[in-house]
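The residues of the chain are indexed from 1 along the displayed sequence.
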Amino acid sequence: MLVPAPDRRPPAPVTVIGEPMPAAAPPSAPSRQARQARAAVAALFLTNGAVFFNVVPRYPQIKADLGVSNAVFGGAVAGFPIGALLAGLLAGVFVRRFGSARVAVFGTVVTTLAILAIPFAPNWIVFGGVLFVVGALDAVVDVAQNAHGLRVQRLYQRSILNSLHGVWSIGAVLGGLMGAAAAGLRLPLAVHLGISAALISVVAVVAHRFLLPGGEDAERATAPPATAPPAAAPPAGDGHPAAGDGHPATGGGHPPAAHGHPAAVDDGDPVAPAGRRSFARPAVWMLAALGLLAACGALVEDAGASWGALYLTGLHADAATAGLAVVAFQTAMTIGRLSGDRVVDRFGQRTVTRLGGLLAAAGMGAALAVPSVPSALAGFVLAGLGTATLVPAAMHTADELPGLPPGTGLTVVSWLLRGGFLLSPLLVGFVADLVSLRVGLLSVVIAGLVTFVLARVLVNDAGR
């Protein structure tokens, strides 16, 4: 008696609104190398947040030592963002030439050495020049560490970049606490910065040995395509697997169009490497949209950092309560980034970013419509929480744009982000002087609405 062979065909695809979709497979556990690389790149984000914020609490002493006015000191401090803007577009060149790991690590060490020149600046011009160099180095390191974080994210096949940015926020807080403690102990500035430079450099150099080797696109070759539609399965009944032992029916890894849907690469689109999404729109317009998204994130962050305390002071809050504005904003943003990866993996970063934009707009809009200290604090909390994943999402999508050399998309978006940080205080300050700070902070509402509209350009699957 003949016994029919068991049916070894894969399970039927899940159907959603009439379109066959492959059943989602849970991502495999990350390898030891991936876990070590994640810890190492997190250490780099931590040091990057701490390195400059060590200096900020010493600004009053530096200003007094230089003997300059507020306006002159502000002009010197502007050297940092100007240096970042001018050098930021070179970051991609360094990443392609030397690799993101080397640039991030040794760029961090060089940055700490450059900061050591601050105590010896004889006048505000030299001080501004030092900050110009530090800003330029910081821009390059920032792109490199994000590029390497995205490499590790591709190994994980799920979102981790938000948590890395959350670690950066923790590093900024730690650096600020170190600087404040050194100022309180009246530690000489040169000694303080020498100790922090040594600690930060050691952490960065140790992290280097655990970062990923190879080229910047090494992980793309193993990442599965994120958006390609499945191939149509042949009729059952022939006793063979529907797609040939679990492989795509075409054998080439590029399924053809099925059920009236276009193939993964449309006519006129550049052919995307494995693991990259193909966009119908030209890369230049995608970069512009992503840069505007990042600038919206910068505008919201600057509103909380630069104007929160001033706005609460205008509502007759005392100095201690007014200072809670930036604390509330940064705490909410840090919590949003540390928890954002799980939320993004579940709902998609496009959805999370759009809803976050609405949350920021609604929260700050309500706070401005009904001005009071509690409503203002709540508004800054919702703004920080709503935009927590915005910048990482824009960076990730820019890094996935096809047809661009490694690091180029990330470099351009990071540059536009820094441009947003430079222009935001000027814009809000101009409107505040012309009308009122309350009207100036409507920029946060506008940024949230623009985020809601432009978030459609984001890659939805953050793990690819």
message: Working to the nearest 0.5 angstrom, can you tell me the gap between D318 CG and T313 OG1?
response: 9.0 Å

message: Main chain of A455, side chain of R354: is a donor-acceptor contact present, judged purely on distance under 3.5 Å?
response: no

Listing, residues 362-375 side-chain donor-acceptor contacts under 3.5 Å, not counting sequence neighbours, or none:
residue	atom	partner	partner atom	Å
S372	OG	S375	N	3.3
S372	OG	S375	OG	2.9
S375	OG	V370	O	2.7
S375	OG	S372	N	3.1
S375	OG	S372	O	3.0

Heavy-atom pair of closest approach, residues R35 and P30: NH1-O, 2.9 Å

query: Quick one: does S424's side chain have a donor or acceptor within less than 3.5 Å of a partner on F421's backbone?
result: no

message: For a 4.5 angstrom cut-off between non-hydrogen side-chain atoms, does L385 reach M333?
response: no

query: What are the two closest heavy atoms between G308 and A325, and how far apart are they?
result: C-CB, 3.5 Å

query: Hey, does the side chain of T387 reach the backbone of A383 with a donor-acceptor pair shorter than 3.5 angstrom?
result: yes

message: Is there a side-chain contact between T389 and T353 in this structure, where contact means two heavy atoms from C-beta onward sitting under 4.5 Å apart?
response: yes

task: Check whether any side-chain heavy atom of L212 lies under 4.5 Å from a side-chain heavy atom of L155, and answer yes or no.
output: yes

field: Spacing of R342 atom CZ and F347 atom CZ [to the nearest 0.5 Å]
entry: 13.0 Å

query: Distance from T397 atom OG1 to L287 atom CG, nearest 0.5 Å?
result: 11.0 Å

- prompt: Taking the six-membered ring for Trp, are F127 and F73 parallel (under 30°), tilted (30 to 60°) or perpendicular (over 60°)?
  reply: parallel

message: Looking at W307 and L437, would you say the former's side chain and the latter's main chain have a donor-acceptor pair under 3.5 Å?
response: no

field: Test log, rule side chain to side chain donor-acceptor pair (under 3.5 Å), inputs R38 and S163
entry: CA-CA 10 Å; R38 180 178 182 178; S163 64; 3.2 Å; yes

task: State whether R346 and D341 are salt-bridged, where the test is any N-O pair (Lys NZ or Arg NE/NH1/NH2 against Asp/Glu carboxylate O) under 4.0 Å.
output: no

task: Evaluate the side-chain proximity of L338 to N162: yes if any heavy-atom separation is below 4.5 Å, no if none is.
output: no

- request: Before accepting this row, confirm whether a basic side-chain N of the pair R151/D399 lies closer than 4.0 Å to the acidic partner's carboxylate O.
  value: no

Side chain to side chain contact (heavy atoms under 4.5 Å, CB included) between L377 and L312, worked out: CA-CA 8 Å; L377 288 174; L312 263 68; 3.6 Å; yes

field: Residue pair V51, T108: steps toward the side chain to side chain contact (heavy atoms under 4.5 Å, CB included) verdict
entry: CA-CA 8 Å; V51 63; T108 298; 5.6 Å; no

Pairwise distance CG(L454) to CZ(R456) - rounded to 0.5 angstrom: 9.0 Å

query: Should the heavy atoms of other residues, nucleotides or ligands under 6.0 Å from OH of Y59 be counted, would the total exceed 12?
result: yes

Steps toward side chain to side chain contact (heavy atoms under 4.5 Å, CB included) verdict (I118, L131): CA-CA 8 Å; I118 290 177; L131 291 186; 4.1 Å; yes

Side-chain (Q36) to main-chain (F210) donor-acceptor, under 3.5 angstrom: no

field: Backbone N/O of V459 and side chain of Q349: donor-acceptor pair under 3.5 Å
entry: yes

- request: Provide the full list of ring-ring contact (aromatic ring centres under 6.0 Å, His included) pairs with a residue in residues 77-102, sequence neighbours left out, each pair given once.
  value: F52-F80

- prompt: For the atom pair CG (N48) and OG1 (T111), what is the distance rounded to the nearest 0.5 Å?
  reply: 7.5 Å

field: 4.5 Å side-chain heavy-atom contact, M178 and F53
entry: no

Donor-acceptor pair, side chain of S196 and main chain of L193, under 3.5 angstrom: yes

task: May I ask you to decide if S159's main-chain N or O and D345's side chain share a donor-acceptor pair within less than 3.5 Å?
output: yes

- request: May I have the step-by-step check of side chain to side chain contact (heavy atoms under 4.5 Å, CB included) for V72 and L66, ending in yes or no?
  value: CA-CA 10 Å; V72 172; L66 294 175; over 6 Å; no

message: Regarding H165 and N146, do their side chains bring together a donor and an acceptor under 3.5 Å, going by distance alone?
response: yes

- prompt: Under 3.5 Å, is there a donor-acceptor pair between the side chain of S414 and the main chain of L410?
  reply: yes

- prompt: Would you call Q145 and S100 a side-chain contact if the rule is heavy atoms closer than 4.5 Å?
  reply: no

field: V391 side chain near E301 side chain, heavy-atom distance below 4.5 Å
entry: yes

field: Spacing of L293 atom CG and L416 atom CG [to the nearest 0.5 Å]
entry: 11.0 Å

- prompt: For D138, does its backbone N or O pair with a side-chain atom of D142 as donor and acceptor, under 3.5 Å?
  reply: no

Non-hydrogen side-chain atoms of W168 and L164 separated by less than 4.5 Å: no

